[in-house]
Amino acid sequence: MPVISASPAAIDEAAVRLREGRLVAFPTETVYGLGAHALDADAVSQIYALKGRPAFNPLIVHVADVEGARQLTQWNERAQRLAEAFWPGPLTLVLPRKPGVPDAVTAGLSTVAVRVPAHPLALELLQKARIPVAAPSANRSTQISPTRAAHVVKSLGEQVWVLDGGECKVGLESTVLDLSGARAAILRPGALGARELEPFIGPLAHADEVKGEAPRSSPGQMERHYAPRARVRLFSNLADAHFHAVLLGQGLKIGVLAFAPTEIDSHEIILPDDPARYGAGLYGALHQLEDAGVGLILIEDVPDSPNWDAVRDRLKRAAFEG
Ligand code: TXA
Ligand code: MG
């Protein structure tokens with residue numbers, strides 16, 4: 001029975017498992033995470049093995065509060081202001097690390113990524129475990145991130161321990177913000193964007209400006225990521241969509257994600273015209289299409305405005321063909 005409904009006894013047991021160096025998948029407000037004791041290099045290495053994750057891709061460490069983050073990082077004034085404003089929440093801060101954080105967590109970088117998740121179950125687990133918990137999204141590397149317990153089992157198999165917390169509310173991974181340099185930079189867009197963050201710490205640098213500065217780039221941002229097994233194409237108008245369906249869809253079941261019905265013969269899912277609600281539904285919709293056995297997914301382009309950045313980033317990666 002890999003999926004555990006989250007009773008107080010189950011959370012106690014999960015906390016013990018983590019302390020003993022074993023893996024536990026748990027819900028956060030963004031996506032489900034696959035957790036391990038962050039200060040136990042052997043425990044952390046099990047994450048990489050189970051996910052098939054490349055060793056150069058560092059992990060986010062989840063802590064119960066700011067005190068937990070201070071023990072791992074060289075905390076600073078900007079981090080303090082952001083933490084007061086947004087933690088617990090979908091914001092990951094990259095800071096210089098303190099000695100004692102294993103290389104297995106940071107992939108050898110001089111920085112470490114930390115966040116306090118805004119999910120009652122995750123917080124209770126972290127409080128009971130009394131250790132920092134390294135956790136990437138609980139899926140095989142490059143597959144679609146899980147927003148339900150069943151998605152975790154589908155991707156990682158029956159032997160994983162999953163605390164069931166229902167559906168994740170945010171549905172897209174946290175914003176990763178680098179605070180290790182003179183100017184902060186978003187390394188991975190998420191629900192919180194520059195507009196929300198800048199009032200607290202001033203203008204951000206563009207991610208492009210810091211690309212290539214080794215510790216400041218986000219090594220995990222592989223181009224093809226968040227990818228379903230089906231081929232994905234973005235379309236900007238109905239004529240385009242019908243064209244792709246005819247050209248690429250031959251003999252395949254087609255899936256469509258759109259803002260309004262397309263009349264393409266397909267398994268079609270309509271998503272809301274609002275970035276937060278769209279983000280909350282996107283991975284669930286992709287999982288649904290994958291489960292329906294589609295071989296081609298046509299996705300309507302989203303608006304070009306900054307509040308769609310996180311969604312647009314995930315769609316581009318899903319559609320990327322190297
Ligand atoms: O919402 C989330 O962030 C979820 C939940 C479980 O918290 N976690 C998540 O983890 O998305 P993961 O491993 O799938 O993505 C972690 C991202 C990667 O892009 C990685 O490169 C970046 O954070 N990252 C981690 N440590 C870093 C560091 N020291 N410097 C730069 N980027 C880092
Ligand atoms: Mg991931």
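If you're wondering where the values come from, they're calculated on a predicted model, not measured in any experiment. Just so you know, ligand 1 is whichever comes first in the structure, and atom 1 is the first atom listed for that ligand. Side chains are part of it too, since the values below use all heavy atoms of this structure and drop only hydrogens, waters and symmetry mates.
Residue R188 places at least one N or O, backbone or side chain, under 3.5 Å from an N or O of ligand 1. For ligand 1, the polar-atom distance check finds an N/O of T111 within less than 3.5 Å of one of the ligand's N/O atoms. Checked against a 3.5 angstrom limit, the closest N/O atoms of R115 and ligand 1 fall inside it.
Near N57, the atoms of ligand 1 lying under 4.0 angstrom from a non-hydrogen atom of the residue are 18 (C), 20 (C), 21 (O). Close contacts between ligand 1 and T30 involve ligand atoms 1 (O), 2 (C), 4 (C), 5 (C) [criterion: under 4.0 Å to a heavy atom]. Close approach of ligand 1 to H62 is summarised as follows: ligand atoms under 4.0 Å from at least one heavy atom of the residue are 5 (C), 6 (C), 7 (O). Near A113, meaning under 4.0 Å from one of its heavy atoms, ligand 1 places the atoms 25 (C), 26 (N), 27 (C). Every atom of ligand 1 is numbered from 1 in the order shown, and the set under 4.0 Å from a heavy atom of S174 is 1 (O), 2 (C), 3 (O). Distances below 4.0 Å separate heavy atoms of L109 from the following atoms of ligand 1: 28 (C), 29 (N), 30 (N). Taking every non-hydrogen atom of L187 and a distance limit under 4.0 Å, the qualifying atoms of ligand 1 come out as 31 (C), 32 (N). Listed by number with element, the atoms of ligand 1 under 4.0 angstrom from any heavy atom of S137 are 8 (N), 9 (C), 10 (O), 12 (P), 14 (O).
Here S137 reaches the Mg ion (ligand 2): one of its N/O/S atoms is less than 2.8 Å from the metal.
Annotation for D274: atom CG counts as buried by contact number, over 12 foreign heavy atoms lying within 6.0 Å. Around CD of E13, the count of heavy atoms belonging to other residues, nucleotides or ligands within 6.0 Å does not exceed 12. Summarising the local packing, CD of Q159 is surrounded by more than 12 heavy atoms from other residues, nucleotides or ligands at distances under 6.0 Å.
Between the choices K51, E29, R53, the shortest heavy-atom distance to atom 13 (O) of ligand 1 belongs to R53. Distances from atom 10 (O) of ligand 1 to the heavy atoms of P136, A25, P96 put P136 nearest.
R97 does not count as a contact of ligand 1, since none of its heavy atoms falls under 4.0 Å from the ligand. Taking a 4.0 Å cut-off on heavy atoms, T106 fails to register as neighbouring ligand 1.
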Derivation and outcome, side-chain contact (heavy atoms from CB on, under 4.5 Å), residues L59 and R53: CA-CA 10 Å; L59 305 176; R53 183 180 178 101; 3.4 Å; yes
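Aromatic ring orientation, F26 versus H62: perpendicular (interplanar angle above 60°, classes split at 30° and 60°).
For H37, there are no ring-ring contact (aromatic ring centres under 6.0 Å, His included) partners, not counting sequence neighbours.
Contact annotation: for D178 versus ligand 1, there are no heavy atoms closer than 4.0 Å. Looking at V94 against ligand 1, only its side chain comes within 4.0 Å, counting heavy atoms.
Taking the charged nitrogens against the carboxylate oxygens, E29 and R115 do have a contact shorter than 4.0 Å, which makes a salt bridge.
No single ILVMFWY cluster, assembled from side-chain heavy atoms under 4.5 Å apart, contains both V170 and L192.
When atom types are taken as modelled, the side chain of H287 and the backbone of S145 share a donor-acceptor pair closer than 3.5 angstrom.
Under the 3.5 Å distance criterion, with hydrogens and angles disregarded, no donor-acceptor pair is assigned to the side chains of T30 and S174.
Using a 4.5 Å cut-off between side-chain heavy atoms of Ile, Leu, Val, Met, Phe, Trp and Tyr, L247 falls into a hydrophobic cluster with F235, F243, L248, L252, I254, V256, I264, L296, L298.
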